[in-house]
Number of protein chains: 2
Amino acid sequence: MPKERGGAKRLPETAITRLSIYRRALERLAAGHTYVSSARLSAITGFTAAQIRRDLAHFGQFGVPGTGYEVRALQMQLSRILGAGRSWRVALVGVGSLGSALLAYRAFQEQGFRVVAAFDNDLVKVGKRWEGIEIEHASRISGLCRELGVEIGVVTVPARAAQEAVSSLVAGGVKAILNFAPHRVEVPEGVRLRSVDLSVEMEALAFHLLHDPPVPRR
Amino acid sequence: MPKERGGAKRLPETAITRLSIYRRALERLAAGHTYVSSARLSAITGFTAAQIRRDLAHFGQFGVPGTGYEVRALQMQLSRILGAGRSWRVALVGVGSLGSALLAYRAFQEQGFRVVAAFDNDLVKVGKRWEGIEIEHASRISGLCRELGVEIGVVTVPARAAQEAVSSLVAGGVKAILNFAPHRVEVPEGVRLRSVDLSVEMEALAFHLLHDPPVPRR
DNA sequence: TAGATTGTTAATCGATTAACAATC
DNA sequence: TAGATTGTTAATCGATTAACAATC
């Protein structure tokens, strides 16, 4: 199997989140600047200028040597690449405290992530409305996701329910899932999974508190 | 400056979150198993057996060739290394929907992350009680964090307020911060920062939906 | 032209994987 | 002992950084 597709080298997996951060930086720059250099973007985002140029070069020659990148043009390119501006249909599985918070999260809606369905196992919650969405029973996940054309699933259920929630989404044709449940889940090839594990994040911080040497004052 | 400290090679930054996941797996294994091999841990966690052995070997020789790792003993070692079982004092800055969800998040409390203070800029919220904690005004962050001996800060404020929130925590002696604000923040040397950016996560998923080739059915 | 900055190549770095001698 | 599995070394892989010729 070839490691490269087409002529250009593959975009490193880690670069994708950087693109999103560049895009956000450009949004703010667009107000006051026509051009921006990789050096300036570096100062704003904290990534090195070399890395920024390299990331951007993956998608063609956007920059002008001696001048930099045209802010508007680059912003539009990145938006196109990331699918910003589009509207994405999102399903939420698990309407506990975290799930409710995400349902209410303005930034999501504003960025085009439109929650079109919400599911829960708890019969007390099913049928209730939440942020304008009626909560459906978890047994309806795959059917409704297919019917509504859900593209992205967000899973905020307890650990023990995570795999079943994910499997139902996959059965419903969902090809991208963001998992907040503190448990490993498996997805078939062709489905993208990203996981955010808050307990692990906290424990990683605790590790550093215990093991990093204190920095002497200067 | 030397690249290594002591004799052993440095633990890769990326290994720290794996340790936390191993620990969690062991917790569940402890019920029914005395020993566990790296191969079995691999099947459970999804990391390769070689990687697991390598990660664990950083902290000494826990395993028994031919037999595997003693579950209880390894569990205790990892707990000690990660500071699990300890109680950590946490401050929450920003009691919006996401912040409230985290305040209510049982798993946090159960894992020893004890929210001892909550702050907000909104005078309407200040003085109210939430999950047994009185919400204080953001101007009191550094003073109260120092007084209460807060060790970890969790920041769930809007982007524009992120840097100030973080700076106040740092001023209050907080050495580890988990930032959910969709904005870059800077911390001085000696302070650990981890960031979770939900918009970036979603946009990364959108990127894959747009660019990954569909997987042909077999 | 002189100065600035890109896009890209080569060098470096860090982390993962494979392989296997040592060990129970 | 035979079989299994560790801990570690060497090879591989992937991503980042430095450097600079090409370009505006």
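To find a chain, count down the sequence lines: A is the first, B the second, and so on, and within it residues start at 1.
Rounded to an integer number of Å, the gap from CD of B:Q77 to P of D:dG7 is 12 Å. Atom-to-atom, NE2 of A:H58 to P of C:dT9 comes out at 12 Å; the value is rounded to the nearest Å. The interatomic distance linking A:I52 (CD1) with D:dA15 (C1') rounds to 16 Å, in whole Å. Taking atom CG of residue B:L74 and atom C1' of nucleotide D:dT5, one finds them 15 Å apart after rounding to whole Å. Across the protein-nucleic acid pair, A:Y69 atom OH and C:dA4 atom C1' stand 13 Å apart, rounded to whole Å. The nearest whole Å value for the distance from the CG atom in B:L11 to the P atom in D:dG7 is 15 Å. Taking atom CG of B:L56 as the reference point, atom P of D:dT6 lies 9 Å away to the nearest angstrom. Rounded to a whole Å, the CZ atom of A:F62 is 12 Å from the P atom of C:dT8.
Side chain of B:W88 to backbone of B:G83: a donor-acceptor contact under 3.5 angstrom is found. In this structure a side-chain-to-backbone donor-acceptor pair under 3.5 Å is missing from A:D55 to A:A15.
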For nucleotides 16-24 of chain C, read 5' to 3', which letter fits each nucleotide if B means a protein heavy atom sits under 4.0 Å from the base, S means only the sugar-phosphate is that close, and - means neither?
-> SBBB---BB

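A heavy-atom distance below 4.5 Å is found between the side chains of A:V154 and A:F180.
Applying the 6.0 Å contact sphere to CZ of A:R194 captures more than 12 heavy atoms from other residues, nucleotides or ligands.
In this structure, a donor-acceptor pair under 3.5 Å is present between the side chains of B:S167 and B:Q163. Using modelled atom types and a 3.5 Å distance limit, the side chains of B:R54 and B:Q51 yield no donor-acceptor pair.
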For DNA chain D, what string of dots and brackets results from 5' to 3' when Watson-Crick and G-U pairs need both distances under 3.5 Å, crossing pairs get [ ], and pairs with another strand get |?
-> ..||||||||||||||||||||||

Test A:R72 against A:E70 for salt bridge (Lys or Arg N to Asp or Glu O under 4.0 Å), laying out the working first.
-> CA-CA 6 Å; A:R72 290 279 184 199; A:E70 206 194 320; over 6 Å; no

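B:A39 pairs by the side chain to side chain contact (heavy atoms under 4.5 Å, CB included) definition with B:S37, not counting sequence neighbours.
Using a 4.0 Å cut-off between a side-chain N of Lys or Arg and a carboxylate O of Asp or Glu, A:R192 and A:E13 qualify as a salt bridge.
You'll find that the side chain of B:A57 is closest to D:dT8, out of D:dT8, C:dT5, D:dT5.
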